[in-house]
Amino acid sequence: MKKTTHKTTPLKSVTPSGKRDESFFEAVYDIVRQIPKGRVTSYGAIAAALGAKSSSRMVGWAMNNAHVLKNVPAHRVVNRNGLLTGKMHFAYPEQMQELLEKEGITIKEDQVQDFSKRFWDPLQELGL
DNA sequence: CGCGTGACGGCAC
DNA sequence: GGTGCCGCCACGC
């Protein structure tokens, strides 16, 4: 796809109503909600499922906005190392680990154990 | 408009 | 296998 010749608002389209295009956010939330209990995925995997794998940072940015919507299990999203990098953004840092352990996931030093087995790839699982 | 920052990831060393 | 640097895109100053 060709991008705009001007560097202004490459991805951030503005809807006629004047608000920012939240389609990216909604898409992220939609995938996160589909993460099975007891499984985790990575920001990059979600970004890849959205066709913007190089924008994995935007996924994390979207999650920061997601705390408003309680329907999004953001605790099931970790970085590609299986590290709970986003724990500081929860109500309290330990909450992320508590929620994961409550789902049967073992965590050691903010690190998801058996990450490769716990990993849930939206691209593969959703058949994309 | 430039610069620094960030819930990231890939690659070089 | 770990560490560091760079690229990525959006945001705040």
**Report entry** Sugar-phosphate only, base, or nothing, as touched by A/A74 at under 4.0 Å among non-hydrogen atoms
**Finding:**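 Base, at least one base atom sits under 4.0 Å.
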As a test of reading the structure: which of [options] is closest to the side chain of [X], going by heavy atoms?
X	options	result
A/W61	B/dC8, B/dA7, C/dA10	C/dA10
A/S56	B/dG9, B/dA7, C/dC9	B/dG9
A/S54	C/dC8, B/dA7, B/dG9	C/dC8

Using whole Å, report how far [atom1] of [X] lies from [atom2] of [N].
X	N	atom1	atom2	value
A/N64	B/dC8	CG	C1'	14 Å
A/M63	B/dG6	CE	C1'	15 Å
A/I35	B/dA7	CD1	C1'	13 Å
A/R80	C/dT3	CZ	C1'	13 Å
A/F24	B/dC8	CZ	C1'	12 Å
A/M58	B/dG6	CE	P	13 Å
A/Q97	B/dA7	CD	C1'	16 Å
A/K53	C/dC8	NZ	C1'	11 Å

Query raised in the report: With no hydrogens and no angle check, do the side chains of A/E103 and A/H75 hold a donor and an acceptor under 3.5 Å apart?
Result: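 Yes - a donor-acceptor pair under 3.5 Å links their side chains.
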Query raised in the report: Expressed as a whole number of Å, how far does the P atom of C/dC5 sit from that of B/dG4?
Result: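 Going atom to atom, P in each nucleotide, I get 16 Å.
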Query raised in the report: Less than 3.5 Å between a donor and an acceptor, one on the side chain of A/R57 and one on the base of C/dC8, is that the case here?
Result: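 Such a pair exists between side chain and base.
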